[in-house]
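Inspection log for the structure reproduced underneath, given as structure tokens.
Note on naming: letters A, B, ... go to the chains in the order of the sequence lines (proteins, then strands), and numbering restarts at 1 for each one. Not measured: the values here are computed from a predicted model.
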Amino acid sequence: METVRDALRVGGTGRRTTVCGWVRTFRSGKNVAFASINDGSCHDSLQAVFELGLFDPGDFEGLCTGACVRLTGVLTDSQGREQDRELRAEELELLGPSDSDYPLQKKKHSNEFLRTVPHLRTRSATFTAVFRMRHHLATAIHDFFRDRGFFYVHPPLITSSDCEGAGETFQVTTLPLSSVPLRESGEVDYASDFFRRKAYMTVSAQLEAEPLALALGRVYTFGPTFRADHSDTRLHAAEFWMIEPEMAFFDLEDDMKLMEDCVRFIASRLEELCHAEIAFLSETVEPALASRYDAMLRKKFSRITYSGAMELLGSAQDGFERKVTWGDDLGTEHERYLCETAFDGPVFVTDYPATLKPFYHRLSDDGRTVACADLLAPQVGEIIGGSQREERLEVLAGRMAGAGIDPETYRWYLELRRWGTAPHSGFGLGFERMLMYLSGMSNIRDVLPFPRTYGSMV
RNA sequence: UCCCCGGUAGCUCAAUUGGCAGAGCGGGUGGCUGUUAACCACUAGGUUCGAGGUUCGAGUCCUCGCCGGGGAGCCA
């Protein structure tokens with residue numbers, strides 16, 4: 001047995017082989033019938049040709065769109081124009097019949113409809129393409145970091161820290177919800193909870209990555225992240241994946257170079273490995289997809305400071321719903337203006353006001369901005385957020401106090417600065433956002449196999 | 001959480017001012033064909049999301065609810 005991919009690409013024609021796969025379309029005539037067989041191994045399907053004289057009419061019962069078959073036959077050069085080779089079938093085994101109720105018919109379905117059948121949409125041309133790209137993106141990321149001496153580390157998914165400012169947390173508990181134990185004060189008595197304290201699903205692995213970076217040097221995490229924000233948009237999921245590298249001895253400039261190298265590397269890897277998928281998605285989903293790869297591979301990423309962006313937005317501000325001045329956070333309309341109109345491609349926005357960023361971003365010499373960089377991309381918004389971390393104990397303690405954070409909660413984090421502190425930097429790359437940008441899919445629900453979003457878990 | 005749009009056949013959608021519920025694809029039947037989301041003919045297929053209301057009459061207007069989509073905020 002071999003995959004459709006190998007049957008189409010490996011060796012020459014004339015050999016006898018067996019393939020298994022699902023029927024995309026079936027066409028029957030008087031003397032000959034055709035079935036397109038796709039097994040997910042590649043974008044293209046294998047056309048099977050049935051000389052009807054070799055089969056009983058009953059053999060084709062249930063052999064319609066959606067059926068699963070095992071076919072044995074001889075690979076031959078195709079007489080048709082749309083494929084180079086095809087399988088002249090000699091033996092047909094119907095592993096799993098289908099019928100007209102099969103939800104995926106041989107037509108274009110809306111992504112909204114396909115979301116109602118997540119267990120079947122995986123077989124569609126679009127979603128097999130997206131999930132192959134998802135795999136290649138993940139392996140490209142591992143290759144990128146491994147080749148640069150990074151260690152892949154595994155911080156916990158259940159954590160006691162809510163990573164200040166990163167988003168709402170899902171609480172983890174084994175307390176009985178119908179009769180939660182209370183203390184005399186009326187507060188929940190976590191002493192009898194599983195961990196004997198309050199616990200959450202992680203919203204970011206960054207804080208826990210720092211002790212590993214300040215020991216192993218260059219590390220990265222790649223795992224799921226959980227956010228309970230009530231944000232119901234095409235860009236947000238409650239469970240998504242993030243890549244969070246953390247590097248000792250990197251300043252912001254080193255950090256940004258790594259971000260840019262990383263994005264270029266994975267884009268070039270996908271362009272190399274996913275020709276057919278990119279071509280298909282350009283045709284059916286996002287005509288601008290090819291130009292996105294150009295923007296990532298052949299142009300240096302633009303850079304602008306937050307202050308510079310404010311000046312730029314000020315001079316173009318008439319068209320905005322909300323006007324912004326220095327100290328305000330950028331709204332979606334402003335971010336879109338920067339990457340879609342002003343720079344027309346991925347752009348770094350750096351050096352935000354300290355008041356807009358978490359306490360652990362390194363305070364710059366001007367005393368009012370921090371050493372950080374967000375990478376904004378057209379259509380998908382922020383795909384990377386990174387910073388140099390505050391390594392000075394007194395400055396960090398002061399910023400925590402300013403933010404009203406109990407130092408005892410982050411005692412271990414402060415101790416990293418107390419003994420053997422080192423300049424270090426890192427960033428968080430949104431895996432699904434990146435995949436959206438590289439695949440052209442405009443809704444995060446369509447790059448996750450089983451998306452979990454606010455109010456919905458199909 | 002807020003704002004906007006939508007829900008009609010299995011799927012994608014149409015239905016003029018409130019006046020007979022429609023098409024394509026898919027299904028069935030027949031025909032034709034080395035076909036390409038095949039093609040041609042015929043045919044079946046409906047609680048118009050749900051509950052109320054207005055009206056002689058509601059897919060269409062009003063109220064509430066449910067579901068979906070887009071946007072805002074927050075973020076990746």
Side-chain angles (χ1 to χ4, degrees), chain A residues 23-36 44-52 64-66 76-83 86 88 98-117 120 124-125 163 165-168 202-206 224-244 284 320-322 328-336 356-358 374-377 380-386 427-437 442-448 453-456 458:
Chain A
V23 175
R24 286 272 173 81
T25 67
F26 179 75
R27 304 174 286 280
S28 182
K30 187 176 279 179
N31 304 313
V32 68
F34 302 90
S36 297
D44 292 325
S45 297
L46 175 66
Q47 171 161 280
V49 186
F50 303 92
E51 292 288 348
L52 295 185
C64 54
T65 301
T76 58
D77 295 326
S78 178
Q79 298 172 32
R81 281 186 194 165
E82 301 198 6
Q83 59 279 318
E86 62 194 17
R88 189 160 285 270
S98 183
D99 59 40
S100 64
D101 289 339
Y102 181 60
L104 306 188
Q105 293 302 326
K106 43 184 174 181
K107 67 190 288 292
K108 177 148 180 59
H109 291 90
S110 68
N111 287 337
E112 293 78 7
F113 168 71
L114 291 170
R115 276 172 219 150
T116 67
V117 284
L120 295 172
S124 68
C163 204
E168 295 298 311
T202 184
V203 290
S204 166
Q206 186 221 308
T225 296
F226 306 89
R227 302 232 176 135
D229 299 285
H230 292 193
S231 45
D232 189 10
T233 81
R234 64 185 181 86
L235 297 174
H236 293 85
E239 178 180 332
F240 63 98
W241 288 59
M242 261 204 306
I243 297 93
E244 295 183 278
T284 58
F320 296 125
E321 296 263 318
R322 184 168 64 88
D328 293 334
D329 213 347
L330 298 178
T332 302
E333 58 179 335
H334 311 111
E335 293 185 351
R336 290 190 64 155
L356 295 178
K357 292 292 183 182
D374 290 353
L375 183 65
L376 309 179
V380 297
E382 184 181 341
I383 51 179
I384 295 179
F427 62 86
L429 166 66
F431 184 62
E432 282 79 12
R433 294 258 177 103
M434 193 73 232
L435 181 56
M436 287 170 73
Y437 194 59
S442 60
N443 193 309
I444 198 166
R445 296 174 184 92
D446 298 328
V447 297
L448 284 152
T453 55
Y454 173 57
S456 167
V458 179

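- Take A:N111 and apply the side-chain hydrogen bond (donor to acceptor under 3.5 Å, both in side chains) test, not counting sequence neighbours, and it matches no residue.
- At a threshold of 4.0 angstrom between heavy atoms, the contacts of A:E168 with the nucleic acid are absent.
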Find every protein N or O atom lying less than 3.5 Å from an N or O atom of nucleotides 22-24 of chain B, and list the pairs.
none

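- With sequence neighbours excluded, the residues satisfying salt bridge (Lys or Arg N to Asp or Glu O under 4.0 Å) with A:D232 are A:R445.
- Residue-to-nucleotide proximity on RNA chain B shows that, of A:S36 and A:S100, the 5′-proximal contact is made by A:S100.
- Partners of A:E82 according to the side-chain contact (heavy atoms from CB on, under 4.5 Å) rule, which considers only residues two or more places apart in sequence or in another chain, do not exist here.
- Comparing the P positions of B:G22 and B:G27 gives a spacing of 24 Å, expressed to the nearest Å.
- Between A:L235 and A:M436, the closest side-chain pair of non-hydrogen atoms falls below 4.5 Å.
- Between B:G10 and B:U60, the two C1' atoms lie 25 Å apart (nearest whole Å).
- Aromatic ring pairs are classed by plane angle as parallel below 30°, tilted from 30° to 60° and perpendicular above 60°; the pair A:F320 and A:H334 is perpendicular.
- Under the rule for a side-chain contact (heavy atoms from CB on, under 4.5 Å), the partners of A:S456 that lie at least two apart in sequence or sit in another chain are A:T453, A:V458.
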Study note, to complete from the structure: With B for base contact, S for sugar-phosphate-only contact and - for none (protein heavy atoms under 4.0 Å), nucleotides 67-72 of chain B reads -SSSSS
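- As judged by a 4.0 angstrom heavy-atom cut-off over every strand, A:F113 is placed among residues touching the sugar-phosphate backbone only.
- Without hydrogens or angle criteria, A:E432 side chain to A:F240 main chain gives no donor-acceptor distance under 3.5 Å.
- Evaluation of the salt bridge (Lys or Arg N to Asp or Glu O under 4.0 Å) rule for A:D374 yields A:K357 as partners, not counting sequence neighbours.
- A:S442 meets the side-chain contact (heavy atoms from CB on, under 4.5 Å) test with A:R234; sequence neighbours excluded.
- With distances taken from any side-chain atom of A:Q47 to the nucleotides B:C11, B:G73, B:U36, the minimum falls on B:U36.
- Nucleic acid contact class of A:G385 (heavy atoms, under 4.0 Å, all strands): none.
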Restricting to nitrogen or oxygen on both sides, can you table the protein-nucleotides 38-47 of chain B pairs closer than 3.5 Å?
{"from": "B:A38", "atom 1": "OP1", "to": "A:K106", "atom 2": "NZ", "distance (Å)": "2.3"}
{"from": "B:A38", "atom 1": "OP2", "to": "A:T25", "atom 2": "OG1", "distance (Å)": "3.4"}
{"from": "B:A38", "atom 1": "OP2", "to": "A:R27", "atom 2": "NH1", "distance (Å)": "3.0"}

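- Listed by chain and residue number, A:F222 satisfy the ring pair (Phe, Tyr, Trp, His ring centres under 6.0 Å) test with A:F431 (two or more places apart in sequence, or in another chain).
- For the P atoms, the distance linking B:C5 with B:C61 amounts to 12 Å, nearest Å.
- Considering only side-chain atoms of A:H236, the nucleotide from B:C32, B:G73, B:U35 that sits closest is B:G73.
- For A:E112, the salt bridge (Lys or Arg N to Asp or Glu O under 4.0 Å) criterion is met by no residue, not counting sequence neighbours.
- If you check every strand for non-hydrogen atoms under 4.0 Å, A:E239 touches nothing.
- When distances run from any side-chain atom of A:S78 to the nucleotides B:C75, B:C11, B:G34, the shortest one goes to B:G34.
- Judged by distance alone, with hydrogens and angles left aside, A:Q79 brings a side-chain donor or acceptor within reach of the base of B:G34, the pair sitting under 3.5 Å.
- Within 4.0 Å of A:L104, counting heavy atoms only, lies no atom of the nucleic acid at all.
- Side-chain N/O atoms of A:Y454 include one lying less than 4.0 angstrom from OP1 or OP2 on B:U1.
- In this structure, A:A33 reaches neither bases nor backbone, as no heavy-atom distance under 4.0 Å exists between it and the strands shown.
- With C1' as the reference atom, B:C4 and B:U54 are 26 Å apart, rounded to whole Å.
- Going from the C1' atom of B:C66 to that of B:C49 covers 8 Å, rounded to whole Å.
- Among the atoms of the strands shown, only primed sugar atoms or phosphate atoms (P, OP1, OP2) are found under 4.0 Å from some heavy atom of A:D329.
- Put simply, the side chain of A:Q83 never gets that close to the backbone of A:Q47: no donor and acceptor are under 3.5 Å apart.
- For A:S28, the side-chain contact (heavy atoms from CB on, under 4.5 Å) criterion is met by A:F26, A:A33, A:L52, not counting sequence neighbours.
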